[in-house]
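Inspection log for the structure reproduced underneath, given as structure tokens.
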Amino acid sequence: MDDNRYLADLLFDSDIKDFEYYEERYQSRGLKEGVKVTRLAPSPTGYLHLGVLYSALINRMAAGKDGVFYLRIEDTDKKREVEGGLEDIVNGLISFGIVPDEGYLPDGERGEYGPYRQRLRRDIYHSAAKRLVLAGLAYPCFCTEEELEVTRKEQEAKKVRPGYYGEYARCRSLTTGEIKKKLDDGAPYVLRLKSPGSEENKVTFTDAIKGKIEMPENDTDIVLLKSDGIPTYHFAHAVDDHLMRTTHVIRGDEWISSVPVHLQLFRLLGFKPPKYAHIAPIMKSEGGSKRKLSKRRDPEAAVKYFSEQGFEPRAVLEYLLTIASSGFEDWRRANKDADIFDFDLRLNKMSQSGALFDMDKLLDVSKNYISRMSTEAVLSSLLCWAQKYNASLYDRLSSDKAYAAAIFSIDRDIPKPRKDIAKWNEAAEFISYFYDDTFAPQYELPENISSAAAVEILERYAEEPCLGGDKTQWFDGVKRLCVSLGYAENTKEYKAEPDKYKGHIGDVSAVIRTAVTGRRNSPDLFEIMRILGKDRTASRLKAAAEYFKK
RNA sequence: GGCCCGGUGGUCAAGCGGCUAAGACACCGCCCUUUCACGGCGGUAACACGGGUUCGAUUCCCGUCCGGGUCACCA
């Protein structure tokens, strides 16, 4: 007993507080029964990628509006840290509308349970570590990397489980005197857990997503504090999630195999463990098999990719939710205008195995999402995107917003709107023919229409474009033109007696369409010409007629 | 290799012992229609395999196979 005290004094600074101090300081949150406290704990070892966004979304949704969702930064690995990664992650989340209630935020920390960056919590970890040493549950280990490597090779050769446990945990049996001597020599060391567990025993726990899971108890003397005094993930997880009063740890399922370690840590530290929920990762198909979406290998894993392409953040979130929870699509159909954060995400309804990332589905969700936006919303969102990623489009649009609004209001704000655009980088091409400087006609005629016939149609139509009235009046005008030129004024008549006509109204429209828009397909012709105005319509008709004369 | 988790159409995914095995995306066809898009209708396409248990298994149990994860002073 005295030995432990002695060892603790040897190992820790004298000003390290008793852990009771922190228990006292970070009181229970006093939330109502059933209210969840969740968190996202990214490490700034890269930029914001889809997996983190996914996890953030689920944690945010799980906490709901009554619960607390906070952001903690796991910056304990200096070596792998990426410059600017932290900002990218935090700002990225917020730009996607996933806003933490507390924790590390762009304008500083918010909340009573901080600091929320692990670097700043060193004393807290040391206090918890000291508690373990005092209880005889942790010890310093002086093994070098090389020595560890040697025992690992030995274990491999003997075909036994690799790891620092049992007889292989050499420093476990060091006497206080030996430790003192090494410490005096300035030997570097890590602090290890003296695991009281045995592989023979089983631990069981209920995962909120995967259900009941049974695994062998942890018997490995895992590292608690690295040689620089910074905690490992496992140790920091136990200390932080206890002190920050997390109720539900929702994280990627790559963590599932370390749950026995975590449970043991909570027990030894005297903490009540949180509920665990392990979510399946988003996968990517490659060469017939699938693997986890990788931030290094897959460009579409970076959230920045979606921003650059001009996906609507909410649409991406909706897509993610269709992957996450089977009930979401039905809910969406029943609640077309509801905010996604009103969806009641049930952990036990979540998918157990990883879903392949499906770009087709994302595109579909996005198209639907954008089709339901108002003209104003489309314009402001598109402008916002263009400002960053397409300067010329931005200039064009903002130089005459009323004109741009007219374009985007075609078949919008109606019960069954058009679904033309899935992401903003498709917009420039989609509206190109509305602007003279981007109008690049690819004239194309129906097969049964000769150039001469096209010229005739265009010239005759130009005499009387019928743009003064409404759409019906215009279309009646086109019908009259058909009749006078020998085309059927509707397809049925033509089909009944094809020999009687040169073609039908579809052909006539096609000729006008190609002249006005320079392409085969477009939204409603009348709307387009009305927006272009009489003069520009006329000059396009003329230009096309000239083209076909050649 | 040990330990975990998973396996319903190309993809996502309902389904909890008895159903002609939902739905969405993609694909194909038809209808609507001045084109496209929308919309409507229809179609192709699935319970990995082998044993049990049971009157009856996609559903429960075991095994095989396949896929994924994990075995660091990384998270």
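Numbers restart at 1 for each chain; the letters A, B, ... are given by sequence-line order, proteins then strands.
Residues satisfying the side-chain contact (heavy atoms from CB on, under 4.5 Å) criterion with A:Leu148, sequence neighbours excluded, are A:Cys143, A:Tyr164, A:Arg192. A:Arg314 is linked by a salt bridge (charged side-chain N to carboxylate O under 4.0 Å, His left out) to A:Asp339, counting only residues two or more places apart in sequence or in another chain. Taking the side chain to side chain donor-acceptor pair (under 3.5 Å) definition, one finds that A:Glu81 meets it with A:Arg119, sequence neighbours left out. Every residue was checked against the salt bridge (charged side-chain N to carboxylate O under 4.0 Å, His left out) condition with A:Asp413, not counting sequence neighbours, and none meets it. Evaluation of the side-chain contact (heavy atoms from CB on, under 4.5 Å) rule for A:Pro274 yields A:Val249, A:Phe266, A:Tyr276 as partners, not counting sequence neighbours.
Running 5' to 3' along RNA chain B, contacts with non-hydrogen atoms of chain A at under 4.0 Å begin and end at B:C3 to B:A75.
For RNA chain B, the stems formed by at least three consecutive Watson-Crick or G-U pairs, with both atom-pair distances below 3.5 Å, span B:1-7 with B:65-71, B:10-12 with B:23-25, B:27-31 with B:39-43, B:48-52 with B:60-64.
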Pairs under 3.5 angstrom only: tabulate donor-acceptor contacts from the side chains of residues 42-54 of chain A to other protein residues two or more places apart or in another chain.
unit_1	atom_1	unit_2	atom_2	d
A:Ser43	OG	A:Thr45	OG1	3.2
A:Tyr47	OH	A:Glu83	O	3.4
A:His49	ND1	A:Gly51	N	3.3

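No engagement by A:Thr514 is indicated, since no non-hydrogen atom pair under 4.0 Å with the nucleic acid exists. Among the heavy atoms of the strands, none lies under 4.0 Å from A:Glu145.
Of the residues in residues 410-419 of chain A, those with a non-hydrogen atom less than 4.0 angstrom from any atom of RNA chain B are A:Lys416, A:Pro417, A:Arg418, A:Lys419. Only A:Lys349, A:Ser351, A:Gln352, A:Ser353, A:Ala355, A:Leu356, listed by number, bring a heavy atom of residues 346-357 of chain A to less than 4.0 angstrom from any atom of RNA chain B. For the segment residues 515-522 of chain A, residues with any heavy atom less than 4.0 angstrom from an atom of RNA chain B are, sorted by number, A:Arg520, A:Asn521, A:Ser522. Listed in residue order, the members of residues 199-213 of chain A having a heavy atom less than 4.0 Å from RNA chain B are A:Lys210, A:Ile213.
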Practice prompt. Given side chain to side chain contact (heavy atoms under 4.5 Å, CB included), test A:Phe142 with A:Arg170 step by step and report yes or no.
Written response: CA-CA 9 Å; A:Phe142 299 89; A:Arg170 302 221 312 272; over 6 Å; no

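Using modelled atom types and a 3.5 Å distance limit, the side chains of A:Tyr165 and A:Glu199 yield no donor-acceptor pair.
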